[in-house]
Amino acid sequence: MPGLAYSPPTSGTPIVWKAQRLQVPDRPIIPFIEGDGIGPDVWAAARRVLDAAVDRVYGGQRQIQWMEILCGEKAVNAKVSALPEETLEAIRTFRVAIKGPLTTPVGGGFRSLNVSLRQRLDLYACVRPVRYYAGTPAPVKHPEKLNVVIFRENTEDVYAGLEWPSGSEEARRLAEFVTRELKAPVNPEAGLGLKPITRVNTQRLVRAAIRYAIDHGCPSVTLVHKGNIMKFTEGAFRDWGYEVAAAEFGDQTVTEKDLWDKYDGKMPAQRVLIKDRIADAMFQQVLLRPDEYSVIATPNLNGDYLSDACAAQVGGLGLAPGANIGDGVALFEATHGTAPKYAGQDKVNPGSLILSGGMLLEHLGWGEAGAAVQQALEKTILSRVVTYDLARQLENAQEVRCSVFAEKIVENLASLA
Ligand code: NAP
């Protein structure tokens, strides 16, 4: 590995991207980044469960050929950069990869490695499925009613990094320009940020969300925006979302307006309902009428808030899986950080990376194995054999280490019907 020209396992074959679809061989090569801090613990647990699930479902017919690639502290220790070019190239080449959490070095002008990975690979959709796992302590009465997949735009909005501090030359000049040229008075002492939202980036995100809904038989896609206030960014997101639905999926979708105008409120078969909600109302809706929502597509900032709020609602912040997906490239990841105080203690909950791995299996088209991962994890939580974070919230729980939790999931995989 040092020197870093990766040698892919000869027992495996690369995944191919053709006609907008993945072509997955029975022994796909899948790169993994172990991650920093608790990364090695949660990765070892996740790999154990994923291999067991594939073996259980396909009985040796299919098998992932894992290939380690470096990023973060392990790359720095191998005396290469924190994000080596070969690592990016390996993810591009092999199409699907998975990562543990990575430390963002503080100071020194370092950019978050997670943000760099997303940007360099143009992984424009942050996909966060949120559902309830029976037995998990949750703050609402019916956490099981929420079952959504959030597509959060990953590349623009106020996350574009276009901001300048109050009192800076740049902020003063921008305020002066807007005041003078655009006749919109801005206080010259203000800190300023820009919120770019484009048609092309909105439409590729909404397109991915609608395709997902069609492929998975989901009943609706909801565009969540704050277009009543930010008309030309968030409002445009809504308009461009409806536009792509009509232009590219006209015979597979129906808008909420047409549902009432043309279909008397009765949903036609084999169609996905396209609707929109204003962001603040949506936070009420997921609490009050959670079962009316399925796939959600939203700009970056709304998506950031909504993903964590929904995950908290089902008691699943520590279990929430995620993926960053672009055209033909996908990187699955644990959504928590490196929790450095627990590093090397074999203590933490590996659920987030295990479930992200389950998403990866589904992304490969190995949905039966992905479902088996979810069922076995749920069975394990229901049996109250859990890691410390869940044990402290559950009565009569048996607290186990990270690796033992994984072993229990593997045992439960073996006993699935
Ligand atoms: P964090 O690593 O997520 O940890 C915060 C707390 O969350 C932990 O102390 C622990 O709570 C709980 N926690 C996190 N993961 C857990 C798990 N698997 N099982 C059980 N409990 C878990 O957040 P942070 O301390 O703010 O960030 C640490 C580093 O991670 C930073 O360098 C940050 O940049 C990085 N980070 C990376 C990612 C990523 O790679 N995607 C995401 C977020 C942060 P208790 O103390 O209550 O036990």
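Heads up: numbering here begins at 1 and tracks the sequence. Only heavy atoms go into these numbers, but all of them, side chains included; no hydrogens, no water, no symmetry mates. Quick caveat, the model's predicted, so the values are computed rather than measured.
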> When you measure from the side chain of Thr87 to the backbone N and O of Ile69, does any donor-acceptor pair fall under 3.5 Å?
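Here the side-chain-to-backbone pair does not exist.
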> Are Thr202 and Glu153 linked by a side-chain donor-acceptor pair shorter than 3.5 Å?
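Short answer, no.
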> Rounded to the nearest 0.5 Å, what's the gap from SG on Cys402 to CG on Asn349? Could you check?
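It comes to 7.5 Å.
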> With Trp164, which residues qualify under ring pair (Phe, Tyr, Trp, His ring centres under 6.0 Å), at least two apart?
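For Trp164 there are no ring pair (Phe, Tyr, Trp, His ring centres under 6.0 Å) partners, ignoring immediate neighbours.
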> Could you check whether any side-chain N or O of Ser166 sits under 3.5 Å from a backbone N or O of Glu189, counting only pairs where one atom can act as donor and the other as acceptor?
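Between the backbone of Glu189 and the side chain of Ser166 there is a qualifying donor-acceptor contact (under 3.5 Å).
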> Applying salt bridge (Lys or Arg N to Asp or Glu O under 4.0 Å) to Glu399 and Arg392, what does each step give before you reach the verdict?
CA-CA 8 Å; Glu399 181 181 326; Arg392 69 187 171 189; over 6 Å; no
> Between the main-chain N or O of Cys71 and the side-chain N or O of Lys74, is there a donor-acceptor pair closer than 3.5 Å?
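Here the side-chain-to-backbone pair does not exist.
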> Mind running salt bridge (Lys or Arg N to Asp or Glu O under 4.0 Å) on Lys347 and Asp41 for me, showing each step along the way?
CA-CA 8 Å; Lys347 180 178 173 78; Asp41 284 349; over 6 Å; no
> Could you grab the distance from atom OG of Ser116 to atom CG of Leu102, nearest 0.5 Å is fine?
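Here the rounded value is 10.0 Å.
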> Would you check if there is a donor-acceptor pair between the side chains of Glu234 and Asn302 at a distance under 3.5 Å?
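Side chains of Asn302 and Glu234: pair found under 3.5 Å.
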> State whether the side chain of Arg62 and the backbone N or O of Asp26 hold a donor-acceptor pair below 3.5 Å, judged by distance alone.
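Looks like no, no N/O pair under 3.5 Å.
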> Quick one: does any side-chain atom of Tyr212 pair with a main-chain N or O of Cys218 as donor and acceptor, under 3.5 Å?
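Looks like no, no N/O pair under 3.5 Å.
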> Within a strict 4.5 Å, meaning less than it, do heavy atoms of the Val127 and Met359 side chains meet?
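Result yes, sub-4.5 Å side-chain heavy-atom pair found.
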> Say whether, by atom type as modelled, one donor and one acceptor occur between the side chain of Thr253 and the main chain of Phe249 under 3.5 angstrom.
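Side chain of Thr253 to backbone of Phe249, a donor-acceptor pair under 3.5 Å: yes, one is there.
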> Just checking, is any N or O donor in the side chain of Glu333 or Asn324 under 3.5 Å from an acceptor N or O on the other one?
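Glu333 vs Asn324: donor-acceptor pair found between side chains.
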> Please report the closest heavy-atom contact between Ile150 and Cys310, naming both atoms and the distance.
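In terms of heavy atoms, the two residues are closest at CD1-SG, 4.1 Å.
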> Counting C-beta onward and ignoring hydrogens, is there a side-chain heavy-atom pair between Ile30 and Leu364 closer than 4.5 Å?
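Yes, their side chains come closer than 4.5 Å.
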> Could you tell me whether the side chains of Asp36 and Thr338 share a donor-acceptor contact shorter than 3.5 Å?
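Per modelled atom types, Asp36 and Thr338 side chains form no pair under 3.5 Å.
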> Using a 3.5 Å distance criterion without hydrogens, assess whether the side chain of Arg401 forms a donor-acceptor pair with backbone atoms of Gln345.
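Yes; judged by distance alone, with no hydrogens or angles, the pair exists.
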> Does the side-chain contact (heavy atoms from CB on, under 4.5 Å) test come out yes or no for Val386 and Val400, once each step is laid out?
CA-CA 6 Å; Val386 288; Val400 292; 5.8 Å; no
> When the side chains of residues 283-292 are checked against the rest of the protein, which donor-acceptor pairs come out under 3.5 Å, sequence neighbours left out?
| unit_1 | atom_1 | unit_2 | atom_2 | d |
| --- | --- | --- | --- | --- |
| Gln285 | OE1 | Tyr293 | OH | 2.4 |
| Arg289 | NE | Glu292 | OE1 | 3.2 |
| Arg289 | NE | Glu292 | OE2 | 3.0 |
| Arg289 | NH2 | Glu292 | OE2 | 3.1 |

> Hey, are the side chains of Lys379 and Glu411 touching, using non-hydrogen atoms and a 4.5 Å cut-off?
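In short, these two side chains do not touch, never coming nearer than 4.5 Å.
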> With a 3.5 Å cut-off and no angle check, do the side chains of Thr198 and Glu156 form a donor-acceptor pair?
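Side-chain D/A pair, Thr198 to Glu156: present.
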> Taking side chain as C-beta onward, heavy atoms only, is Val130 less than 4.5 Å from Leu146?
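Result yes, sub-4.5 Å side-chain heavy-atom pair found.
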> Under 3.5 Å, is there a donor-acceptor pair linking the side chains of Asp51 and Trp66?
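On atom types as modelled, these side chains qualify, holding a pair under 3.5 Å.
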> Quick one, Leu319 with Ile381, criterion side-chain contact (heavy atoms from CB on, under 4.5 Å). Give me CA distance, side-chain angles, the key distance, then yes/no.
CA-CA 11 Å; Leu319 285 171; Ile381 294 174; 3.9 Å; yes
> Return the CZ to CD distance between Arg207 and Glu248, rounded to the nearest 0.5 Å.
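These two atoms lie 4.0 Å from each other.
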> Do side-chain atoms of Arg56 reach the backbone of Leu416 as a donor and acceptor pair under 3.5 angstrom?
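Present.
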> Stepwise, does the side-chain contact (heavy atoms from CB on, under 4.5 Å) test hold for Ile15 with Gln23?
CA-CA 6 Å; Ile15 291 170; Gln23 295 187 345; 5.9 Å; no
> Should the ring pair Tyr388 and Tyr342 be called parallel, tilted or perpendicular, given that the plane angle runs from 0 to 90° and is split at 30 and 60?
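Answer is tilted, since the angle falls between 30° and 60°.
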> Between atom CD of Glu89 and atom CZ of Arg120, what is the distance when rounded to the nearest 0.5 Å?
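So the gap between those two atoms works out to 10.0 Å.
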> Can Asn300 and Arg152 be counted as having a side-chain donor-acceptor contact under 3.5 angstrom?
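Judged by distance alone, the side chains do pair up.
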> Quick check: are there more than 12 heavy atoms from other residues, nucleotides or ligands sitting under 6.0 Å from NZ of Lys408?
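Not more than 12 within 6.0 Å, no.
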> Any idea which heavy atoms bring Ala90 and Pro31 closest together, and the distance?
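Result for this residue pair: O-CG, 4.1 Å.
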> Within a strict 4.5 Å, meaning less than it, do heavy atoms of the Asp276 and Thr222 side chains meet?
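They are not in side-chain contact.
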> With His363, which residues qualify under ring pair (Phe, Tyr, Trp, His ring centres under 6.0 Å), at least two apart?
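If we apply the ring pair (Phe, Tyr, Trp, His ring centres under 6.0 Å) test to His363, skipping adjacent residues, the hits are Phe332.
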> Atom OG1 of Thr380 and atom CG of Leu390: how far apart are they, to the nearest 0.5 Å?
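Going from the OG1 atom of Thr380 to the CG atom of Leu390 covers 11.0 Å.
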> Considering non-hydrogen atoms only, spot the tightest contact between Ala245 and Ile274 and give its length.
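Taking Ala245 first and Ile274 second, the nearest heavy atoms are CB-CG1, 4.1 Å.
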> Locate the shortest heavy-atom distance separating Asn154 from Leu123; write the atom from each residue and the value.
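Taking every non-hydrogen atom into account, ND2-O, 3.0 Å.
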> Are there more than 12 heavy atoms of other residues, nucleotides or ligands under 6.0 Å from atom OH of Tyr58?
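Atom OH in Tyr58 is packed in, count exceeds 12.
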> Considering non-hydrogen atoms only, spot the tightest contact between Leu394 and Gly135 and give its length.
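In this case the closest contact between Leu394 and Gly135 is CD2-O, 3.5 Å.
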> Using only atom types and a distance under 3.5 Å, with no angle test, would you say the side chain of Thr179 pairs donor to acceptor with the backbone of Val186?
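Yes; at least one donor-acceptor contact below 3.5 Å.
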> Are there over 12 heavy-atom neighbours, none belonging to Glu181, within less than 6.0 Å of that residue's CD?
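Yes.
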> Got a sec, which pairs hit salt bridge (charged side-chain N to carboxylate O under 4.0 Å, His left out) with one end in residues 124-138, sequence neighbours left out?
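Listed once each, the pairs are Arg128-Asp308, Arg131-Glu378.
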> What is the distance from atom CZ of Phe151 to atom OH of Tyr124, rounded to the nearest 0.5 Å?
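Rounded to the nearest 0.5 Å, the CZ-OH separation comes out at 9.0 Å.
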> Got Gln20 and Arg211 here, is their nearest side-chain heavy-atom distance under 4.5 Å?
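Result yes, sub-4.5 Å side-chain heavy-atom pair found.
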> Can you name the residues that form a side chain to side chain donor-acceptor pair (under 3.5 Å) with Asp304, not counting sequence neighbours?
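With sequence neighbours excluded, Asp304 shows a side chain to side chain donor-acceptor pair (under 3.5 Å) to Tyr159, given in chain and number order.
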> Would you confirm whether Arg271, through its side chain, and Gln252, through its main-chain N or O, come within 3.5 Å as a donor-acceptor pair?
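Not at all, since once roles are kept as given, no pair shorter than 3.5 Å links the two residues.
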> Kindly write out the residues that satisfy side chain to side chain donor-acceptor pair (under 3.5 Å) with Asp215, not counting sequence neighbours, or none if the list is empty.
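Asp215 satisfies side chain to side chain donor-acceptor pair (under 3.5 Å) with Arg21 once adjacent residues are dropped.
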> Do the side chains of Tyr132 and Asn147 get nearer than 4.5 Å, heavy atoms only?
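Result no, sub-4.5 Å side-chain heavy-atom pair not found.
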> Please tell me if the side chains of Ile214 and Ile210 come closer than 4.5 Å, counting only heavy atoms from C-beta onward.
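Of all side-chain heavy-atom pairs linking Ile210 with Ile214, at least one is under 4.5 Å.
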> Check whether more than 12 heavy atoms from other residues, nucleotides or ligands sit under 6.0 Å from atom CZ of Arg27, and answer yes or no.
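Atom CZ in Arg27 is packed in, count exceeds 12.
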> If you measure from the Lys or Arg side-chain nitrogens to the Asp or Glu carboxylate oxygens, is any gap between Glu243 and Arg199 under 4.0 Å?
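Here Glu243 pairs with Arg199 in a salt bridge, since their nearest N and O are under 4.0 Å apart.
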> Taking all non-hydrogen atoms of both residues into account, name the closest pair between Thr387 and Pro350 and its distance.
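Taking Thr387 first and Pro350 second, the nearest heavy atoms are CG2-CD, 4.2 Å.
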